[in-house]
S.K.: 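Quick one: the structure is below, questions incoming.
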Amino acid sequence: MKTCLSLGTFRWCGWLAALAVAAPIAQAAAPSSRARVEKSSFGRTPDGVEIELYTLTNARGAIAKVITYGATLTELWVPDRSGNLGDVILGFDRLDGYLGEHPYFGSTVGRVANRIAKGRFTLDGRSYQLACNDGPNHLHGGPQGFHRKVWKAEPAARRGAASVRLVYTSPDGEEGYPGNLTATVTYTLTDRNELRIDYEATTDKATPINLTNHSYFNLAGEGDILAHQMMIAADRFTPVDDTLIPTGKLQPVQGTPMDFTRPMAIGSRIDQLTNNPRGYDHNYVLNSGGGRLARALRVSDPHSGRVMEVRTTEPGIQFYSGNFLDGTIRGKYGRVYPKHAAFCVEADHFPDSANQPAFPPTILRPGKTYRQTTIHRFSVQK
Ligand code: BGC
């Protein structure tokens with residue numbers, strides 16, 4: 001805790017870190033400091049590999065913490081309307097939590113995020129069978145997906161932004177996927193209170209790819225997210241079967257509880273949904289169509305005043321309202337996470353794209369570079 005205290009003008013930072021363990025709230029820094037990155041240890045895996053923790057701090061005192069295990073975002077501290085910093089994502093205090101079973105808290109998910117029906121797809125006339133880890137289906141890259149890998153990190157600080165770039169090479173055949181694929185994820189915290197996530201990948205054989213971040217947000221920092229006001233720039237969604245595989249249709253949201261084209265409390269119509277466990281767990285078809293950085297959603301918390309706006313290059317957003325959280329996980333600050341303790345907004349391609357020729361394609365070929373950018377901008381409202 002005290003390491004940071006010795007850094008002269010950055011004395012407040014050590015104090016903040018100390019506070020963060022006791023009570024997840026702190027006052028934002030004076031706007032005179034500069035964006036910076038600090039590296040420390042987050043512990044060791046059972047086979048002795050050191051996991052690094054990178055703390056990105058911007059000039060306004062917002063903080064993002066990223067570990068090399070799963071290229072995971074572990075903390076995100078942004079101000080409320082009174083200037084108090086709060087950690088707005090779920091996660092664990094220690095590495096043990098991330099090494100155990102958990103529903104992808106803050107993880108980078110890949111090679112293919114979301115579901116692939118029965119873990120099967122055919123590419124260039126050849127069939128592939130992936131590892132299945134969600135009933136009959138493959139979910140979020142499989143049981144040993146990118147969230148379970150140790151990434152190599154390179155920090156960088158420049159004027160107006162602090163960032164860390166993480167790299168992982170997934171070998172040919174890993175979890176059943178073809179090709180050696182090198183993926184990079186760069187987290188950048190800008191002085192505009194934006195968390196920008198840039199992804200890139202290249203391969204030596206054609207493979208499906210669909211990377212995203214699986215952070216669980218709660219803009220109040222605690223309680224449930226049912227009063228958060230959500231707006232999603234999507235007139236349609238992809239309806240699913242009872243194993244959450246899209247039927248292939250694009251269905252209008254208008255007149256249904258799926259409609260967030262205008263701001264609505266997440267909880268206002270959740271009881272009208274009939275899935276089990278009840279709640280949002282659907283891919284929205286963004287009106288932008290993907291391919292360029294465009295507005296995807298805005299969510300605000302009436303209590304803290306915090307607002308998060310998301311822009312992405314992706315054609316879809318999986319909006320998941322934490323339906324499978326059930327109070328059995330104890331996370332940071334000793335808190336347990338009940339149903340709807342947080343929501344995820346996973347910017348990516350549609351589920352099961354590898355088997356749905358009408359969906360935007362997810363195949364990466366040798367010589368091409370996969371790219372995706374998603375920006376989460378934090379601000380406050382009265
Ligand atoms: C999925 C949920 C799943 C959760 C955690 C979300 O992306 O849509 O169905 O329970 O991830 O695995």
Side-chain angles (χ1 to χ4, degrees), residues 70-73 89-92 97-98 100-119 130-148 175 197 199 210-218 225 230 232 234 237-247 258 260 266 270 273-286 296-297 299 310 312 314-329 331 337-354 356 359 362 372 374 376:
T72 302
L73 181 68
I89 59 169
L90 308 192
F92 300 104
Y98 293 102
E101 281 305 311
H102 73 92
Y104 307 87
F105 287 148
S107 307
T108 294
V109 289
R111 194 178 289 200
V112 173
N114 218 310
R115 291 174 175 82
I116 295 181
K118 309 217 165 28
L130 307 173
C132 289
N133 55 335
D134 185 60
N137 301 324
H138 174 86
L139 174 66
H140 293 332
Q144 300 305 318
F146 289 4
H147 64 294
R148 295 251 170 240
E175 298 294 73
I197 313 177
Y199 306 80
N210 190 28
L211 302 178
T212 194
N213 179 271
H214 207 290
S215 287
Y216 285 69
F217 294 95
N218 180 324
I225 46 80
M230 175 69 83
I232 308 179
F237 72 105
T238 50
V240 287
D241 68 14
D242 55 11
T243 69
L244 299 177
I245 295 295
T247 60
M258 301 297 294
F260 286 96
I266 293 175
I270 207 165
L273 299 172
T274 52
N275 58 338
N276 184 22
R278 192 177 304 230
Y280 295 96
D281 195 356
H282 297 87
N283 169 64
Y284 281 78
V285 178
L286 293 172
L297 68 91
V299 56
V310 176
T312 186
E314 293 304 283
I317 284 263
Q318 182 82 11
F319 170 37
Y320 169 56
S321 56
N323 317 330
F324 290 100
L325 297 173
D326 59 5
T328 53
I329 297 180
Y337 297 139
K339 191 172 180 186
H340 307 314
F343 65 89
C344 302
V345 279
E346 303 146 43
D348 56 4
H349 277 56
F350 306 169
D352 202 29
S353 292
Q356 297 274 359
F359 287 179
T362 51
Q372 96 103 311
T374 299
H376 304 252

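In listed order, ligands and their atoms are each counted from 1.
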S.K.: Does the separation of the ring centres of His140 and His147 fall below 6.0 angstrom?
M.R.: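 Aromatic pair excluded; centres sit 6.0 Å or further apart.
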
S.K.: Report yes if the distance between the aromatic ring centroids of Phe92 and His102 is under 6.0 Å, otherwise no.
M.R.: yes

S.K.: Can you list everything that forms a side chain to side chain contact (heavy atoms under 4.5 Å, CB included) with Asp241? Sequence neighbours excluded, please.
M.R.: Thr243, Ile245

S.K.: Is the backbone of Ala347 close enough, under 3.5 Å, to the side chain of Gln372 for a donor and an acceptor to pair up by distance?
M.R.: yes

S.K.: Between Tyr216 and Tyr104, is the ring centre distance below 6.0 Å?
M.R.: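 That pair fails the under 6.0 Å test.
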
S.K.: Should Ile270 and Ser321 be marked as a side-chain contact (heavy atoms from CB on, under 4.5 Å) after you check the CA-CA gap, both sets of side-chain angles, and the distance that decides it?
M.R.: CA-CA 9 Å; Ile270 207 165; Ser321 56; 3.8 Å; yes

S.K.: Check ligand 1 for close polar pairs with the protein: N or O on both sides, less than 3.5 Å.
M.R.:
from     : atom 1 : to     : atom 2 : distance (Å)
ligand 1 : 7 (O)  : His140 : NE2    : 2.9
ligand 1 : 7 (O)  : His214 : NE2    : 3.0
ligand 1 : 7 (O)  : Glu346 : OE1    : 2.7
ligand 1 : 7 (O)  : Glu346 : OE2    : 2.9
ligand 1 : 8 (O)  : Asp281 : OD1    : 2.5
ligand 1 : 8 (O)  : Gln318 : NE2    : 3.2
ligand 1 : 9 (O)  : Arg115 : NH1    : 3.4
ligand 1 : 9 (O)  : Arg115 : NH2    : 2.7
ligand 1 : 9 (O)  : Asp281 : OD1    : 3.4
ligand 1 : 9 (O)  : Asp281 : OD2    : 2.4
ligand 1 : 11 (O) : His140 : NE2    : 3.1
ligand 1 : 11 (O) : His214 : NE2    : 2.8

